[in-house]
J.: 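Submitted below is the structure of interest, expressed as structure tokens.
So you know, we letter chains A, B, ... as the sequences are listed, proteins then strands, and number each from 1. Model, not experiment: these values are computed from the prediction.
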2 protein chains.
Amino acid sequence: MHGVELTDRESTILQSVIEGYVKEAKPVSSSAVVRMSSVSLSSATVRNVMRALEEKGLILQPHTSAGRIPTDLGYRYYVDNLVKPAGLTPGERKAIGNELAKLVHCDLATVLAGISHMVSEASREMAVAVAPSGGGQVIEQVALVAIGAGRIMAVVATDVGPTRTAVLTTDGTFHRTEVSKAADLLNEWLRGVTLSEASATILKRFAEQDPAPDGWLGGLLDGVRVFLSPGGSERIHYEGARYIFRHPEFSTDASSLGEILDSEETLADVVRGPVRAAEVRVVIGAENVCSGMNRMSLVAGTYRIGGVVGRMGVIGPTRMKYPRLIGLVGYFSKVLDDLLAE
Amino acid sequence: MHGVELTDRESTILQSVIEGYVKEAKPVSSSAVVRMSSVSLSSATVRNVMRALEEKGLILQPHTSAGRIPTDLGYRYYVDNLVKPAGLTPGERKAIGNELAKLVHCDLATVLAGISHMVSEASREMAVAVAPSGGGQVIEQVALVAIGAGRIMAVVATDVGPTRTAVLTTDGTFHRTEVSKAADLLNEWLRGVTLSEASATILKRFAEQDPAPDGWLGGLLDGVRVFLSPGGSERIHYEGARYIFRHPEFSTDASSLGEILDSEETLADVVRGPVRAAEVRVVIGAENVCSGMNRMSLVAGTYRIGGVVGRMGVIGPTRMKYPRLIGLVGYFSKVLDDLLAE
DNA sequence: CTTAGCACTCTTATAAGGAGAGTGCTAAGG
DNA sequence: CCTTAGCACTCTCCTTATAAGAGTGCTAAG
């Protein structure tokens, strides 16, 4: 990733080109750079510098005799070396703090929806919130709650992340003590087991039982097993797809967007990527694993709220307002950590 | 809605125009009608009939000297009078039955995801599944489950539809009997109350208590109250957005799609509309309340699975395969009802 | 190293012309 | 009276030509 070294002047002009392009969505000419940047140079000199930047692969011309636009590499240098995350206004901070505090007691779906809503509103871009991937979570407790008429609710709590619940419908009737006994059995079997192993564990333990549980209990155990089997719905939520269509680069051809919105797994993977807590990660254009996103960028961070540790991110064109978005995602991360620490 | 009366010949030709347009996405000429429909008429005669259909507002010309395309009214007549829902192949039926049976024991999010996935796959269109709107549901049971380290999970089961869960973090420690006492209290207060009244009920009962609960219990009750306050996340899931982009009418300008995908409330309202159980409803183009959908159609039905009664629908361009989609949605409704009856 | 000047290139907008598709109309035939 | 063949007319779409404009690359002078 390293190896690109720029002089101060080159940096300044690269920054002007990028910020001009982000603002206007049109190739930036040498004279436009002179106009907007405070350097007192002639356009001819700027052209020479631009030529150097082009040779280093940071900007390019869409065609001969057009201005320059940034390449992915150009954005990368910009993000790594030139961007200063923008601070939020006091009003924004207050609004965000108030809204987030409300989410602390909500269930997972509401948290995901709330975070993606807030981030999207603040960024005017599409925002995504993802819960931690389920497989590795360790089961802490299984609870069965009779809710009348042959229906039992199963609740599985893990060390971190979302709890999973399901309503199981069983044949016949059962006594309260039977339910509590079944719960004890399941807890004995599953405590400390990861979610991804849970289904297999039940099968194995079930086979070891002598006599094999049957009838009501057998049905119940099997219901729990199915409900815990891998491949449950992805825990992800996004909002602000409308903003993507407002960008001129996607107003004409947005077909790649369909793939992204649809494949929740891909989307989750993209956002999940290797983000360390308290770090904001930026993935630019073709750096994305997902080919459908090779003209988009992602600004991602972590959030922690109400026992859930997950990822959130902003997705938009590579031509996005990096300082603002990096500042924003960072601020959300920080506030949520502070909330948790209280 | 009524008032349009067509002769047999007019019906046949309207059908040809619509089916030709659905297939080719291009205006249908009189000679094309002659070619595809089995009527043995000259193109000139067909032209005369088309003229009559145009005067009745069922078809129109995009411009002089072009073929005809159906209007919303034309599709309406077609759907009401000419469409025979297409049956599914035995292979499809079997696949759908197997898949659906797996969903019975899953939690709500998985059910919604599963149904929208299956409908989308089968229809090759965008599919939406919505859970019943939450406000009117009656609370049946509240359960509190201690999951260690000051964390308590609250679970609210309702007469129908999704259960809501949240993890509440409380200060200090508590004894198991205290938790069970708090649960008894909440059950006494809330059983039979609707979700939308729950929050207010807690506040009222709380004020009546003497002495007022405080400390640990007070915090817990307030946590439950916040978690039950209205405005939780919408319970909706869709899949297949990619299919919309494949339709030529949306490949260029898909901006209205952004609005639809984003506003989950609108989307839910659209799909929820007045559908009676076991009835498939079709909403065509500008018949949609939502202005962003005035060039799209919806085929909606109900589903019942694992205690959840909700709506599902297919969304695509008005130029959609109505016979196939109506047959498909109807079949899903029927199979799910049968599954429930078992 | 910087800069003014200028030729060159490429895009974009506008106009014009021709080909093709499909209709509406008219008049003849069953 | 309904149907149909024939034909002129209209509108879109594609291609080509031309002009204007923007912006660069290069060269030579400061």
J.: Could you tell me the separation between the CD1 atom of B:I13 and the C1' atom of D:dT3, rounded to a whole number of Å?
T.: 13 Å
J.: How long is the line joining CZ of A:R68 and C1' of D:dG23, in whole Å?
T.: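 So the CZ-C1' distance, A:R68 to D:dG23, works out to 9 Å.
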J.: Choosing from D:dC11, C:dC10, C:dC25, which nucleotide comes nearest the side chain of B:T64?
T.: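 Shortest atom-to-atom distance from the side chain points to D:dC11.
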J.: What is the separation between atom CG on A:N48 and atom P on D:dT27, rounded to the nearest whole Å?
T.: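 So the two atoms are 12 Å apart, to the nearest Å.
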J.: From the list C:dC10, C:dT23, D:dT24, which nucleotide is the closest neighbour of the side chain of A:Q61?
T.: D:dT24
J.: Using a cut-off of 4.0 Å on non-hydrogen atoms, how would the nucleic acid contact of B:S29 be classed: base, sugar-phosphate, or nothing?
T.: sugar-phosphate
J.: D:dC1 pairs with which nucleotide, Watson-Crick or G-U wobble, both distances below 3.5 Å?
T.: C:dG30
J.: Grab the CD-C1' distance between B:E55 and C:dG24 for me, whole Å please.
T.: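 The answer, rounded to whole Å, is 13 Å.
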J.: Base, sugar-phosphate alone, or nothing: which one does A:S43 contact when heavy atoms must sit under 4.0 Å apart?
T.: nothing
J.: Side chain of B:R51: nearest nucleotide among C:dT23, C:dA4, C:dG24?
T.: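 Output: C:dG24.
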J.: At under 4.0 Å between heavy atoms, what does B:S30 touch on the DNA or RNA strands: base, sugar-phosphate, or nothing?
T.: sugar-phosphate
J.: Check whether the ring centres of A:F250 and A:F245 lie less than 6.0 Å apart, and answer yes or no.
T.: no
J.: Taking B:T89's backbone N and O only, do any of them form a donor-acceptor pair with B:E92's side chain (distance below 3.5 Å, no angle check)?
T.: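 Confirmed, B:E92 side chain pairs with B:T89 backbone.
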J.: Checking base pairs now: Watson-Crick or wobble, both atom distances under 3.5 Å. What partners C:dC25?
T.: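 Base-paired to D:dG6.
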J.: With distance as the sole criterion, is a donor-acceptor pair present between the side chains of A:T302 and A:R311 under 3.5 Å?
T.: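 Judged by distance alone, the side chains do not pair up.
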J.: Between B:R76 and B:D72, does a salt bridge (charged side-chain N to carboxylate O under 4.0 Å, His left out) hold up when you go through it step by step?
T.: CA-CA 6 Å; B:R76 169 53 57 200; B:D72 288 353; over 6 Å; no
J.: Could you check which of C:dT3, D:dA5, D:dC11 has an atom nearest any side-chain atom of B:H63?
T.: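 Closest nucleotide to the B:H63 side chain: D:dC11.
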J.: Please report, rounded to the nearest Å, how far the C1' atom of C:dG22 is from the CD1 atom of B:I69.
T.: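 In whole Å, C:dG22 C1' and B:I69 CD1 are 15 Å from each other.
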J.: Where the side chain of B:R47 is defined as all heavy atoms beyond and including C-beta, which of D:dT12, D:dG25, C:dG24 is the nearest nucleotide?
T.: C:dG24
J.: Starting from C1' on D:dC11, measure out to CG on B:L60 and report it in whole angstrom.
T.: 16 Å
J.: Expressed as a whole number of angstroms, how long is the span from A:E24:CD to D:dG23:P?
T.: 12 Å
J.: Between C:dA21 atom C1' and B:R35 atom CZ, what is the distance in whole Å?
T.: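 Spelled out: CZ on B:R35 to C1' on C:dA21 is 11 Å.
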J.: Measure from the side chain of A:L41, starting at C-beta and using heavy atoms only, and say which of C:dT3, D:dG6, C:dG5 lies closest.
T.: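 Of all the options, the side chain of A:L41 is nearest to C:dT3.
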J.: Tell me which nucleotide among D:dT3, C:dT23, D:dT24 gets nearest to the side chain of B:T45.
T.: D:dT3
J.: Determine the interplanar angle of the A:Y78 and A:Y322 rings, folded into 0 to 90°, and report it as parallel if under 30°, tilted if 30 to 60°, perpendicular if over 60°.
T.: perpendicular
J.: Under the criterion salt bridge (charged side-chain N to carboxylate O under 4.0 Å, His left out), I'd like the reasoning laid out for A:R295 against A:E249: C-alpha separation, chi angles, the key distance, then a yes or no.
T.: CA-CA 9 Å; A:R295 302 188 59 188; A:E249 45 265 73; over 6 Å; no
J.: What is the nucleic acid contact for B:S65, judged by heavy atoms within less than 4.0 Å: base, sugar-phosphate only, or nothing?
T.: base
